[in-house]
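Atoms within each ligand, like the ligands themselves, are counted from 1 in listed order.
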Amino acid sequence: MENNRKVRIVMYHYTRDLVHSRYPNIKGMDFPLFKEQLEFFKKNYNVISMEELLAAANENLDLPENALALTFDDGYIDNYTFAFPLLQELKLTASFYITGKTFAKHELLDVNKIHYILASTDIKRIVPDLKKKLDFYRGREYDYPTNEELWQTYAVDGKYDKKDVVFVKKLLQTVLPEDLRNIISSELFSDYLGVTEEQLAYELYMTENQVRVLKNNGMFIGLHGYDHYWLGNLEKEHMEKDLEAALEIMDEFIDRDNWVMNYPYGSYNQDVLDFVVKKGAKLGLTTEVRVADLNKDNKLLLPRFDCNDFPPKSENYKNF
Ligand SMILES: [Zn+2]
């Protein structure tokens with residue numbers, strides 16, 4: 001009989017009571033739906049811990065039938081205040097991937113600046129404001145194509161987002177030079193949000209002590225980079241420096257010989273894989289959507305489902 005080494009790994013980001021929150025348009029899992037989803041998982045799957053998955057990978061062990069693992073990215077405080085108590089109540093375990101900088105420095109990550117810009121303001125206002133800023137900075141220290149050319153290239157409908165949202169995300173996440181991306185994101189943030197970045201960072205991310213509480217209560221803590229960079233796009237030295245910084249700041253929470261890497265944005269290349277292995281990673285998590293199979297998959301590149309692929313959000317999981 002064939003071994004069973006298949007697992008569905010589910011990815012979460014924000015988990016909060018959206019209706020009663022300050023930014024109800026943030027793209028997160030609303031708490032009542034989250035609760036329903038965990039009950040669905042408990043009823044239909046064997047929810048396994050990341051330690052069990054590591055052991056299965058390292059020692060060639062089988063997994064239970066219908067194995068499923070829960071993962072939370074980015075270290076959001078709402079994972080601590082909403083998800084963690086419910087996990088405890090339902091006697092479920094999960095893993096949390098913390099971006100080093102969030103609790104080391106309480107600075108807002110670019111990825112979150114962009115989420116909050118998009119959640120706070122109509123996209124029909126954001127696009128022209130962004131274009132104005134592009135015109136302002138073009139030809140100063142920075143050189144990039146005209147707004148028409150940028151729009152032609154990057155305004156394309158995505159899996160989850162319409163083209164104007166894709167345009168804003170692409171430009172502010174990868175297309176513009178890094179320091180200009182930071183400048184423009186911060187300007188838009190301050191124009192729209194009405195709170196400082198630091199204030200929001202304190203509201204948004206778990207503190208070191210909260211991460212400690214998770215770990216002391218049986219949750220698994222893994223790595224998600226230091227600066228939340230697209231690691232696959234960085235120069236090798238820069239990528240290594242980012243991961244070294246992450247390892248150092250997360251030292252208390254991880255086993256240096258047996259840790260799990262969760263690539264920000266699912267971005268990696270061969271250098272990234274070589275480096276994390278050299279540093280003791282035994283599993284890696286991507287954003288490719290399908291069932292993971294320890295018999296067939298590269299253990300450093302395990303695919304994951306998005307939480308929106310399962311009930312009560314959708315039945316997409318049946319197609320993978
Ligand atoms: Zn992330």
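The cationic group of Arg138 does not satisfy the cation-pi geometry with Phe136, failing either the under 6.0 Å distance to the six-membered ring centre or the 45° limit from the ring axis. Cation-pi geometry between Lys131 and Trp151 is met: under 6.0 angstrom from the ring centre, within 45 degrees of the axis.
Within the coordination shell of the Zn ion (ligand 1), defined by N, O or S atoms under 2.8 Å, His13 is absent. Using a cut-off of 2.8 Å, one finds that Asp73 contributes no N/O/S atom close to the Zn ion (ligand 1).
Applying the salt bridge (charged side-chain N to carboxylate O under 4.0 Å, His left out) test between Lys113 and each of Glu197, Glu107, Glu187 identifies Glu197 as the sole match.
For Asp74, the N/O/S atom at the shortest distance from the Zn ion (ligand 1) is named OD1. Residue His228 approaches the Zn ion (ligand 1) most closely through its N/O/S atom NE2.
Between the side chain of Arg181 and the backbone N or O of Gln173 there is at least one donor-acceptor pair closer than 3.5 Å.
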